[in-house]
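Everything below concerns the one structure shown next.
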Amino acid sequence: MSLRLYNTMSREKEEFVPLEPGRVRMYVCGVTVYDECHIGHARSQIVFDTVARYLRHKGFTLSYARNFTDIDDKIINRANERKIDWKELVAENVEAFYRDMDALAVQRPDLEPRATDNIDAILEQIGQIMKNGYAYEAGGDVFFRTRKFEGYAKLSKRNLDDLLEGARVEVDKRKKDPLDFVLWKAAKPGEPSWPSPWGEGRPGWHIECSAMSAKHLGLPFDIHGGGKDLVFPHHENEIAQAECATNTEFARYWMHNGFVQYNHEKMSKSTGNLFTIREVLEKYSPEAVRYLLLSVHYRGPLDYSEQSIIDSEAAVDRLYAAYETLLAENVGDIAVDESQLSDAQKAQLAEIERARREFFEAMDDDFNTAKASGHLFEIVKFINACVETKELRKPRPGRDMLLSVAGKAFEEMRAVLGVAHRAPEDYRRDKVERFLREAPITREQIEQKIAQRTDARAAKDFAASDAIRDELAAQGVIVKDTPDGTVWTVK
């Protein structure tokens with residue numbers, strides 16, 4: 001099955017055919033680094049990280065660019081509020097961004113251009129837009145002639161005459177049309193600025209992505225992505241700028257992820273339901289966050305709630321249990337010889353192969369991670385069955401073949417989705433540490449209780465042993481007896 005993706009431009013699923021066979025160029029709008037990232041930012045980053053992972057899995061050579069907006073009104077205003085230099089604010093929030101993304105297993109793109117490092121490219125594109133008659137200067141600002149570009153609103157499908165009511169149009173009497181937008185902003189006293197043919201100033205928000213994608217990927221490129229909120233005006237303006245500067249198509253396929261809600265309500269700072277990634281990771285594992293944000297198709301709305309993240313944590317526990325089983329069994333890569341399989345094992349092998357095939361069919365169908373995740377958990381179920389089910393444990397060579405096939409499928413799927421990305425012991429350790437921060441019992445008290453239970457078992461006082469186990473379970477501590485001694489973990 002070939003890869004099909006939903007193109008916002010056509011409003012249809014289309015077969016993905018890159019401009020250059022075997023190579024994909026993708027640009028995704030990054031963050032404005034004036035503050036720490038919230039859970040909505042996490043969704044966009046995780047979605048396009050998964051897209052990148054899958055494109056590479058399919059054998060494409062990928063050039064993936066994701067920008068930082070590192071100069072903007074929000075950055076200047078926030079730096080002034082905190083009475084620090086804007087560069088210090090940017091550096092602080094870029095570092096926080098990497099901390100969060102690394103925790104969420106978001107791999108670094110190939111290119112991470114910043115607006116302030118690409119002023120020359122921005123000025124060059126603005127100059128070309130003016131030369132082609134699509135922009136004008138007014139008092140040191142440069143504005144784009146929106147209505148002159150006949151293709152304006154082809155992405156958002158909006159009517160130009162209706163835009164004045166629906167869009168937040170900046171009031172500026174120097175504009176020749178209220179819909180015109182700024183390409184270059186004249187410097188205000190005390191603001192950072194760069195020299196230009198129109199005087200000291202800085203780039204408008206929209207122009208940076210048009211200029212940087214053209215510079216680093218070339219035009220046209222294959223995929224442009226971002227959040228659904230960017231369709232208008234940001235991406236609409238990017239298309240207008242780039243195509244008026246170059247007289248060529250900007251991007252072939254447009255992908256947009258849906259919004260994150262909290263308990264079915266829009267997230268916003270004013271209602272107090274906008275959570276930073278750091279706040280969420282203080283309570284829950286990054287694996288649970290990533291799994292939750294991939295559990296719904298990327299184009300649809302996603303409801304974040306305490307229950308949804310708790311459910312995701314439980315799902316991730318199951319993934320790590322299967323991961324631990326594979327590590328413990330350590331069967332390696334075994335070639336399948338069906339003559340050594342029982343009838344039950346042959347049926348199981350067919351089911352494993354079907355689940356793997358349908359996982360990749362789901363990913364080929366517009367990156368349907370929600371459906372693909374279900375097939376991953378089929379593999380988890382098969383791994384458990386290979387170890388626990390009597391009919392599948394014998395004959396042993398066949399059982400090991402099944403585990404090897406299931407294990408390879410598990411590894412493939414895990415890598416594509418970026419879930420269960422750490423060593424199991426690291427995941428368990430972090431889970432215990434988060435539990436202990438808010439638990440009604442300390443680590444020392446747990447160890448004391450387990451020592452008391454060990455003494456009770458040695459004395460064959462099983463009633464006391466069971467009572468201690470139940471007491472710990474009531475506090476969220478799970479005790480397990482193994483051949484190597486008693487171990488404990490948390491719910």
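This is a predicted model, so every value here is computed, not measured.
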Mind checking whether Arg252 and Leu19 have side chains closer than 4.5 Å, heavy atoms only?
yes
Atom CZ of Phe181 and atom NE2 of His206: how far apart are they, to the nearest 0.5 Å?
6.0 Å
Could you tell me whether the side chain of Leu319 reaches within less than 4.5 Å of the side chain of Phe410, counting heavy atoms only?
yes
Applying side chain to side chain contact (heavy atoms under 4.5 Å, CB included), run through Leu183 and Met130 and close with a yes or a no.
CA-CA 10 Å; Leu183 302 176; Met130 293 190 76; 5.7 Å; no
Could you tell me which non-hydrogen atom of Phe232 sits nearest to which non-hydrogen atom of Ser156, and how far apart they are?
CD1-OG, 3.8 Å
If you compare all heavy atoms of Phe250 against all heavy atoms of Ala242, which two are closest, and at what distance to 0.1 Å?
CD1-CB, 3.3 Å
OH of Tyr27 to OG of Ser63, rounded to nearest 0.5 Å, is 14.0 Å
Donor on one side chain, acceptor on other, Glu238 and His234, under 3.5 Å
yes
Strictly under 6.0 Å, is that where the ring centroids of His57 and Phe360 end up?
yes
is_close_aromatic(His256, His235), centroid dist under 6.0 Å:
yes
May I ask you to say whether Arg145 pairs ionically with Asp180, meaning some side-chain N is under 4.0 Å from a carboxylate O?
no
Could you check whether the rings of Phe60 and Phe16 sit parallel, tilted or perpendicular, using 30° and 60° as the cut-offs?
perpendicular
Under 4.0 Å between a Lys/Arg side-chain N and an Asp/Glu carboxylate O for Arg299 and Asp366?
yes
Judged by modelled atom types alone, do Gln128 and Thr246 share a side-chain donor-acceptor pair under 3.5 Å?
no
Please determine if Glu412 and Arg356 form a salt bridge, counting it only when a charged side-chain N lies under 4.0 Å from a carboxylate O.
yes
Any side-chain heavy-atom pair from Arg82 and Leu89 closer than 4.5 angstrom?
yes
Answer with yes or no whether the side chains of Asp70 and Thr116 bring together a donor and an acceptor at under 3.5 Å.
yes
Would you say the side chains of Glu200 and Ser196 form a donor-acceptor pair under 3.5 Å?
no
Given side chains that start at C-beta, do those of Ile129 and Gln241 come closer than 4.5 Å, heavy atoms only?
yes
Any side-chain heavy atom of Phe144 within less than 4.5 Å of one from Ile207?
no
Val289 backbone acceptor or donor facing Ser312 side chain under 3.5 Å:
no
Value for CZ (Arg25) from OG1 (Thr61), rounded to nearest 0.5 Å, stands at 12.5 Å
Residues Asp49 and Arg66 bridged, charged N to O under 4.0 Å:
no
Tell me yes or no: between the side chains of Glu287 and Tyr320, is some donor less than 3.5 Å from an acceptor?
yes
I'd like to know if the side chain of Asp110 and the backbone of Tyr64 have a donor-acceptor N/O pair within less than 3.5 Å.
yes
After noting the C-alpha distance and the side-chain angles of Tyr98 and Glu112, does the key distance pass the side-chain hydrogen bond (donor to acceptor under 3.5 Å, both in side chains) rule?
CA-CA 12 Å; Tyr98 283 138; Glu112 294 185 282; 2.8 Å; yes
When you look at Trp488 and Glu447, which way does the side-chain hydrogen bond (donor to acceptor under 3.5 Å, both in side chains) test go after all the steps?
CA-CA 9 Å; Trp488 63 274; Glu447 299 291 354; 3.2 Å; yes
How about Thr50 and Arg290: do any of their side-chain heavy atoms sit closer than 4.5 Å?
yes
Hey, could you give me the CD/CD distance between Glu265 and Gln261, rounded to the nearest 0.5 Å?
9.0 Å
Looking at Glu20 and Arg23, would you say the former's side chain and the latter's main chain have a donor-acceptor pair under 3.5 Å?
no
Which residue in the set Lys371, Arg4, Lys58 passes salt bridge (charged side-chain N to carboxylate O under 4.0 Å, His left out) when paired with Asp364?
Lys58
Can the ring centroids of Tyr6 and Tyr253 be said to lie less than 6.0 angstrom from one another?
no
May I ask you to decide if His38's main-chain N or O and His41's side chain share a donor-acceptor pair within less than 3.5 Å?
yes
Just wondering, do Asn67 and Val28 contact through their side chains at under 4.5 Å, heavy atoms?
no
side-chain hydrogen bond (donor to acceptor under 3.5 Å, both in side chains) between Glu243 and Thr248, worked out:
CA-CA 5 Å; Glu243 295 190 358; Thr248 190; over 6 Å; no
Does a donor on one side chain and an acceptor on the other come within less than 3.5 Å for Tyr34 and Glu81?
no
Looking at Arg422, is its backbone amide N or carbonyl O close enough to the side chain of Asp426 to form a donor-acceptor pair, meaning the two atoms are under 3.5 Å apart?
no
My understanding is that only one of Val24, Leu217, Leu62 makes a side-chain contact (heavy atoms from CB on, under 4.5 Å) with Ile223; could you say which?
Val24
Any carboxylate oxygen within less than 4.0 angstrom of a Lys/Arg side-chain nitrogen, looking at Asp317 and Lys431?
yes
For residues Gln125 and Ala245, report the shortest heavy-atom separation together with the two atoms involved.
CG-CB, 3.6 Å
For Glu36, is there an ion pair with Arg99 - N to carboxylate O distance below 4.0 angstrom?
yes
Does a side-chain N-to-carboxylate-O contact under 4.0 Å join Asp35 and Lys74?
no
One should read off an interatomic distance between Ser295 OG and Ile309 CD1, to the nearest 0.5 angstrom, of 9.0 Å
Can you say whether the rings of Phe275 and Tyr304 are parallel (under 30°), tilted (30 to 60°) or perpendicular (over 60°)?
tilted
Pair Gln307, Asp311 - check side-chain hydrogen bond (donor to acceptor under 3.5 Å, both in side chains), show working.
CA-CA 6 Å; Gln307 189 57 53; Asp311 292 345; 2.8 Å; yes
Would you say Asp303's side chain and Asn263's backbone share a donor-acceptor pair under 3.5 angstrom?
yes
Closest non-hydrogen atom pair between Pro286 and Leu104, with its separation
O-CD2, 3.7 Å
State whether Lys157 and Glu236 are salt-bridged, where the test is any N-O pair (Lys NZ or Arg NE/NH1/NH2 against Asp/Glu carboxylate O) under 4.0 Å.
no
Is Lys381 salt-bridged to Glu378, going by a charged N under 4.0 Å from an acidic O?
no
Hey, are Glu324 and Arg428 close enough for a salt bridge, meaning a charged N less than 4.0 Å from a carboxylate O?
yes
Ionic contact status for Lys449 with Glu444, cut-off 4.0 Å:
no
Between Asn118 and Lys215, a side-chain donor and acceptor under 3.5 Å
yes
Over 60° means perpendicular and under 30° means parallel, so tell me whether Tyr152 and Phe149 are parallel, tilted or perpendicular.
perpendicular
Could you tell me which non-hydrogen atom of Pro192 sits nearest to which non-hydrogen atom of Arg202, and how far apart they are?
O-CD, 3.9 Å
Any chance you could measure Leu472, atom CG, to Ile478, atom CD1, to the nearest 0.5 Å?
9.0 Å
Using side-chain heavy atoms (C-beta onward) and a distance below 4.5 Å, is Ile239 in contact with Met9?
yes
Verify the ring-centre separation between Phe48 and Tyr298: is it less than 6.0 angstrom?
no
